[in-house]
Amino acid sequence: MTGLIDFSQPTLWAAAASIAFNPTFWNIAARQEYHNKAITKLFGGNSLHGCYALAVTIFSLGIIRDLIYHFTLQAQPVHPLLDNPTVKALSYGLFLSGNVLVLSSMWALGVTGTYLGDYFGILMDAPVTSFPFNVTDAPMYHGSTMSFLATALWAGKPAGVALTGLVWAAYTVARQFEE
């Protein structure tokens, strides 16, 4: 395993930490909002403004996590079995499919549906049952995981595959709290 992943690279540990941190943060923030209206209070009682602020925060943390992941992959070794045209083609399919799931779910839910508006008391009129929710119960989590894996495969980096496993685990734990 040591030859597949360079554990001495600090970015590897930073990526692992940010992958674990993000869903932990947003679930703690959402629970504080639901039970104590902590974010709404910060915005003078305006739950919509609080939800939008949390959305910007979650989105920004995601960008930072993705940048750290990108820098991590650059510093990691390539494995020859992952560096071939078949794997590259698979990565295209995973990336396209993953992004379709993420973007179509964001479109279906809107900003407040995507970014935990229900914890702020901002509810949709009815549950979304159309695509992509008729394909998977967690299209954003599954699509994001697929995109992480696609990026790792495209780059031919076993470290990215391992970090994708951490993404999957972090999202699996997050879903337990959200459902």
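For clarity, every value in this text was computed on a predicted model and none was experimentally measured. Below, all heavy atoms of this structure are taken into account, side chains as well, without hydrogens, waters or symmetry copies.
Placement of Ile5 and Trp13 within a single hydrophobic cluster is found when ILVMFWY residues are connected by side-chain heavy-atom separations under 4.5 Å, directly or transitively. Note: the hydrophobic cluster containing Leu67 does not contain Trp154 (ILVMFWY, side chain heavy atoms under 4.5 Å, direct or indirect links).
In this structure a side-chain-to-backbone donor-acceptor pair under 3.5 Å is present from Asn27 to Pro23. In this structure, Arg65 contributes its side chain and Ala17 its backbone to no donor-acceptor pair below 3.5 Å. For Lys41 (side chain) and Asn36 (main-chain N/O), a donor-acceptor pair under 3.5 Å exists by modelled atom type. Gln9 places no side-chain N or O within donor-acceptor distance of the main-chain N or O of Gln76, the cut-off being under 3.5 Å. Remark: the backbone N or O of Ala38 is not paired with any side-chain donor or acceptor of Gln32 at under 3.5 angstrom. Although no hydrogens or angles enter the test, the distance criterion places a donor-acceptor pair under 3.5 Å between the side chain of Ser105 and the main chain of Val102.
Smallest separation of non-hydrogen atoms from Ala15 and Leu163: CB-CD1, 3.9 Å. Of all heavy-atom pairs between Phe120 and Ser47, the closest is CD2-O, 3.5 Å. Among all heavy-atom pairs drawn from Gly160 and Ala152, the shortest one is C-CB, 3.3 Å. Residue Val87 comes nearest to Leu82 through the heavy atom pair CG1-O, 3.4 Å, listed as atom of the first residue, atom of the second, then distance. Residues Lys37 and Gly121 share a closest heavy-atom pair of NZ-N, 4.5 Å. Nearest heavy atom pair, residue Leu116 against residue Ala30, reads CD1-CB, 3.8 Å.
Side-chain atoms of Thr151 and Tyr69 include no donor-acceptor pair closer than 3.5 Å. If you check the side chains of Glu178 and Tyr141, you find a donor sitting under 3.5 Å from an acceptor.
A distance of 5.0 Å separates CG of Asp66 from CZ of Phe148, quoted to the nearest 0.5 Å. Note that CE of Met106 is 7.0 Å distant from CE of Met140, once rounded to the nearest 0.5 Å. Distance check: His70 NE2 to Ile63 CD1 gives 12.5 Å after rounding to the nearest 0.5 Å. Of the inter-residue distances, the one linking Leu94 atom CG with Leu90 atom CG reads 4.5 Å to the nearest 0.5 angstrom. Leu54 contributes atom CG, which lies 11.0 Å from atom CG of Leu42 (distance to the nearest 0.5 angstrom). The line from CG of Leu12 to OG1 of Thr72 is 6.0 Å long, rounded to the nearest 0.5 Å.
Listed by chain and residue number, Asp137, Glu179 satisfy the salt bridge (Lys or Arg N to Asp or Glu O under 4.0 Å) test with Arg175 (two or more places apart in sequence, or in another chain). Remark: Asn22 pairs with no residue by the side-chain hydrogen bond (donor to acceptor under 3.5 Å, both in side chains) rule, at least two apart or across chains.
Screening residues 15-57 for ring-ring contact (aromatic ring centres under 6.0 Å, His included), with sequence neighbours left out, gives Phe21-Phe25.
Cluster partners of Ile64, using a side-chain heavy-atom cutoff of under 4.5 Å among ILVMFWY residues and allowing indirect links, are Ile68. Other members of a hydrophobic cluster containing Phe95 are absent, since no ILVMFWY side chain comes under 4.5 Å of it, directly or through relayed contacts. Chaining together hydrophobic side chains whose heavy atoms lie under 4.5 Å apart leaves Val78 on its own.
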Inset, instruction - Check step by step if side chain to side chain contact (heavy atoms under 4.5 Å, CB included) holds for Ser130 and Val128. - result: CA-CA 6 Å; Ser130 60; Val128 178; 3.8 Å; yes

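Residues Tyr119 and Ile39 are not in side-chain contact: their nearest non-hydrogen atoms beyond the backbone lie 4.5 Å or more apart.
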